[in-house]
Q: 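Encoded as structure tokens, here's the structure I'll be asking about.
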Amino acid sequence: MEEIKVMVNGRPMSCEAGTTLQELAVQYDEQTDGWPAIVAKVDGVVKELWNSVTEKCEIRFCTYQDVEGKKAYVRGITMIMLKAFYKEVPKDQFEKITVENSLDTGYYCTLSGGVEITDELLAKVEKRMRKYVDDDVVFDKKTMNVEKAIKLFHERKMYDKSNLMKYRRSSKVNIYKLGKVMDYFYGPMPYSTGMLQAFRLEKFDKGFVFVVPKSSEPGVLPSFVPSMKLHQTITETSKWGVRLGVENVGQLNDIIVNGGMRDLMLVQEALHERRIGGIAERIASTGKIKVVTIAGPSSSGKTTFSYRLSAQLKTLGLKPHPIAMDDYFVNRVNTPKGKDGKYNYECIEAIDVAQFNEDLEKLLAGEEVQLPTYNFITGEREYNKPVMQLDPDEVLIIEGIHGLNDKLTERVMPENKFKIYISALTTLNIDEHNRIPTSDGRLLRRIIRDARTRGHEAQTSIAMWKSVRSGESENIFPFQEKADAMFNSSLVYEFSALKQYAEPLLFKVPRGSEEYAEAQRLLKFLDYFLGINPEEVPLNSIVREFIGGGILLE
């Protein structure tokens with residue numbers, strides 16, 4: 001047999017032509033720090049482990065601790081969960097199971113069609129799932145003609161999938177098979193069910209969650225501690241999607257081809273404005289709120305939201321006054337450094353909290369205060385602004401990542417402040433079993449904005465994303481339940497508008513780079529959407545913060 005030289009996790013090795021990636025993973029499991037490989041990157045492209053090595057290449061195995069590995073793991077859990085449900089509850093007794101969204105350490109699912117979710121039913125399903133894991137069945141992948149796939153899913157009453165396939169440009173589609181269950185999944189699968197050892201089903205709200213480990217602790221099942229305010233916000237937005245008839249990508253594409261996009265845009269923006277107006281009314285109704293803080297993860301649309309909130313507050317007789325948190329950075333010489341030795345401007349210790357609170361106290365007491373300006377060139381604060389005095393009808397608007405952390409405004413009385421959490425919580429699904437991660441929408445927004453306003457390549461934005469999300473996990477997400485109001489900035493039509501801007505940027509990411517696989521994944525994702533004319537996006541839309549051309553930020 002022909003010997004092929006390969007690089008496995010940076011180490012030169014050789015194997016026979018035709019050796020599967022799974023065989024290599026078993027042979028060289030010490031290369032994955034003892035954790036089983038779930039998928040592999042071959043020359044930067046994510047591959048399933050049943051693929052064979054046919055030529056010289058560079059292989060990096062992805063475990064649960066890698067993003068690609070965890071996503072494949074969740075897809076595998078989803079498929080065995082579906083198979084177990086079909087066995088315990090015959091399909092003629094319910095309409096469909098929908099994987100709605102991620103929540104804490106779990107994935108929230110609903111079952112429509114009259115079947116009651118009980119602890120007893122979930123126990124039966126989980127028991128059957130564990131049997132499938134013990135059987136260690138290899139996932140089977142079939143390449144099928146699109147027309148045949150449409151017919152297959154239509155006959156199985158999986159209309160979300162058959163409708164999605166109508167808009168597929170390729171003539172072929174990959175279908176996964178586990179016993180008699182056949183399904184479509186967006187992304188690669190694990191090698192076999194035996195890899196899916198850690199999971200738990202748990203009743204929650206009107207459905208249930210399947211809980212999986214955290215990436216940092218692959219073998220440990222954590223407690224499920226959901227953010228109820230976040231869940232309620234997502235549920236409310238999902239109801240909007242039901243009312244608008246846009247719960248998945250196929251339905252969105254139907255609206256585009258039938259000329260209904262302009263009406264959909266106007267209704268979506270009206271829903272946003274109604275929600276912002278409701279928040280403004282809550283702020284104005286007490287007559288006591290003087291400090292409004294706005295926080296949320298990267299690319300949530302915080303700046304546009306603050307402008308639109310300010311406009312609504314003005315209609316209620318209040319005068320919003322913005323304060324830039326960046327002006328309260330401690331002098332650079334005193335800025336904490338991260339493990340990488342670089343200045344960490346995202347931790348709350350980078351803010352002069354004491355001075356900030358002292359200024360707030362004086363302003364709320366009606367005193368004159370000279371606010372600082374941070375000089376990013378010298379790394380020091382300067383005092384060159386006019387003296388400020390807060391009028392009785394003025395409200396301070398403070399936008400920053402620590403806005404939900406009470407330490408930031410610790411000397412402001414609770415009745416005088418109102419905290420808002422904003423994020424792009426995507427509720428649109430690809431289909432009933434393929435959810436769209438919230439972070440995907442924010443990453444696409446950031447890639448487009450960074451290219452337009454900072455001249456960054458998509459490769460740079462993708463490379464920075466892990467660090468950005470780490471900062472969010474540390475400084476924003478732990479405080480989201482402290483919010484007095486939550487605002488979901490996602491728009492059901494936005495991917496069809498972002499597509500035109502993102503695709504050229506993603507195609508530039510070079511093959512072989514660490515960011516190539518993620519760029520290809522995002523390109524595949526965008527391929528599900530029909531594009532729309534971005535000029536039709538309303539000029540005050542949050543989407544304009546990223547694609548440009550708006551009336552609020554330009």
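Scope of the values below: all heavy atoms of this structure, side chains included, with no hydrogens, waters or symmetry mates.
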Q: What's the separation between atom OG in S489 and atom CD1 in I542, rounded to the nearest 0.5 Å?
A: 5.0 Å
Q: Check whether any side-chain heavy atom of T293 lies under 4.5 Å from a side-chain heavy atom of M325, and answer yes or no.
A: no
Q: Please identify each residue that fulfils salt bridge (Lys or Arg N to Asp or Glu O under 4.0 Å) with R411, with sequence neighbours left out.
A: E361
Q: For L444 and A502, which heavy atoms make the closest approach, and how far apart are they?
A: CD2-CB, 3.9 Å
Q: Please answer whether the main-chain N or O of I551 pairs with a side-chain N or O of N540 as donor and acceptor at a distance below 3.5 Å.
A: no
Q: Is the shortest distance from a Lys or Arg side-chain nitrogen in R282 or D484 to a carboxylate oxygen in the other one below 4.0 Å?
A: no
Q: Give a yes or no answer on whether the side chain of E48 reaches the backbone of M189 with a donor-acceptor pair at less than 3.5 Å.
A: yes
Q: Just grab all the salt bridge (Lys or Arg N to Asp or Glu O under 4.0 Å) pairs involving residues 511-523, residues at least two apart or on different chains.
A: K41-E514, R60-E514, D440-R521, E518-R521
Q: Quick one: do K5 and S14 satisfy side chain to side chain donor-acceptor pair (under 3.5 Å)? Show the steps, please.
A: CA-CA 4 Å; K5 293 183 178 181; S14 61; over 6 Å; no
Q: Run the numbers on T237 and N488 for side chain to side chain donor-acceptor pair (under 3.5 Å), then give the verdict.
A: CA-CA 8 Å; T237 310; N488 186 355; 3.1 Å; yes
Q: Is the shortest heavy-atom distance from the side chain of R449 to the side chain of S299 under 4.5 Å?
A: yes
Q: Tell me which pairs pass ring-ring contact (aromatic ring centres under 6.0 Å, His included) where either residue lies in residues 488-514, with sequence neighbours left out.
A: F495-F525, F495-F529
Q: Let me check something: any side-chain donor-acceptor pairs from residues 209-228 under 3.5 Å, sequence neighbours excluded? List them with distances.
A:
from: S227; atom 1: OG; to: L230; atom 2: N; distance (Å): 3.2
from: S227; atom 1: OG; to: E481; atom 2: OE2; distance (Å): 2.3

Q: Is the shortest side-chain heavy-atom distance between M7 and M13 below 4.5 Å?
A: no
Q: Looking only at heavy atoms, what is the nearest atom pair of K385 and P372, with distance?
A: NZ-O, 3.3 Å
Q: Counting distance only, does the side-chain N/O of R544 pair as donor-acceptor with the main-chain N or O of V537 below 3.5 Å?
A: yes
Q: Out of curiosity, Q389 CD to E368 CD, how far, rounded to the nearest 0.5 Å?
A: 5.0 Å
Q: Applying salt bridge (Lys or Arg N to Asp or Glu O under 4.0 Å), name anything that partners K47, two or more places apart in sequence or on another chain.
A: none
Q: Once you round to the nearest 0.5 Å, how far does CG of N384 lie from OG1 of T373?
A: 4.5 Å
Q: In sequence, state the C-alpha distance, the side-chain angles, and the governing distance for H433 and Y186, and then conclude on ring pair (Phe, Tyr, Trp, His ring centres under 6.0 Å).
A: CA-CA 9 Å; H433 303 151; Y186 158 54; over 10 Å; no
Q: Side-chain contact test, heavy atoms from C-beta onward, threshold under 4.5 Å: evaluate it for V67 versus K466 and give yes or no.
A: no
Q: Using the benzene-type ring in the case of Trp, are the ring centres of Y328 and Y374 under 6.0 Å apart?
A: no
Q: Looking only at heavy atoms, what is the nearest atom pair of K499 and L526, with distance?
A: NZ-O, 2.8 Å
Q: Any idea which heavy atoms bring Q459 and S513 closest together, and the distance?
A: NE2-CB, 3.5 Å
Q: Does a side-chain N-to-carboxylate-O contact under 4.0 Å join K508 and E457?
A: yes
Q: Is there a side-chain contact between D450 and I448 (heavy atoms, below 4.5 Å)?
A: no
Q: If the condition is salt bridge (Lys or Arg N to Asp or Glu O under 4.0 Å), which residues does D527 pass it with, not counting sequence neighbours?
A: R169
Q: Is the closest side-chain heavy-atom distance between T303 and E545 below 4.5 Å?
A: yes
Q: Partners of E236 by side-chain hydrogen bond (donor to acceptor under 3.5 Å, both in side chains), sequence neighbours excluded?
A: none
Q: Can you tell if the side chain of L425 reaches within under 4.5 Å of the side chain of T233, non-hydrogen atoms only?
A: yes
Q: Quick test of your reading: applying salt bridge (Lys or Arg N to Asp or Glu O under 4.0 Å), list the pairs with at least one residue in residues 351-360, sequence neighbours left out, ordered by first then second residue.
A: D352-R381, E358-K362
Q: Using the ring-ring contact (aromatic ring centres under 6.0 Å, His included) rule, collect all pairs that involve residues 448-490, keeping only residues at least two apart or in two chains.
A: H272-F487, F305-F487
Q: Is a side-chain N or O of N405 found less than 3.5 angstrom from the main chain of K407, in a donor-acceptor match?
A: yes
Q: Is the shortest distance from a Lys or Arg side-chain nitrogen in E380 or R332 to a carboxylate oxygen in the other one below 4.0 Å?
A: no
Q: Any sub-3.5 Å donor-acceptor pair from S238's side-chain atoms to I234's backbone N or O?
A: yes
Q: Could you pull out all residues at least two apart from Y343 that satisfy ring-ring contact (aromatic ring centres under 6.0 Å, His included)?
A: none
Q: Strictly distance-based, threshold 3.5 Å: is any side-chain N or O of K302 a donor or acceptor partner for the main-chain N or O of P297?
A: yes
Q: Under the salt bridge (Lys or Arg N to Asp or Glu O under 4.0 Å) rule, collect the residues that match up with E346, sequence neighbours excluded.
A: none
Q: For a 4.5 angstrom cut-off between non-hydrogen side-chain atoms, does I447 reach I462?
A: yes
Q: Take a 6.0 Å sphere around CD of E415 and say whether it holds more than 12 heavy atoms from other residues, nucleotides or ligands.
A: yes
Q: I'd like to check the ring-ring contact (aromatic ring centres under 6.0 Å, His included) partners of Y64; sequence neighbours left out, ordered by chain and number.
A: Y73
Q: Sub-3.5 Å donor-acceptor pair from the side chain of T304 to the main-chain atoms of G301, do we have one?
A: no
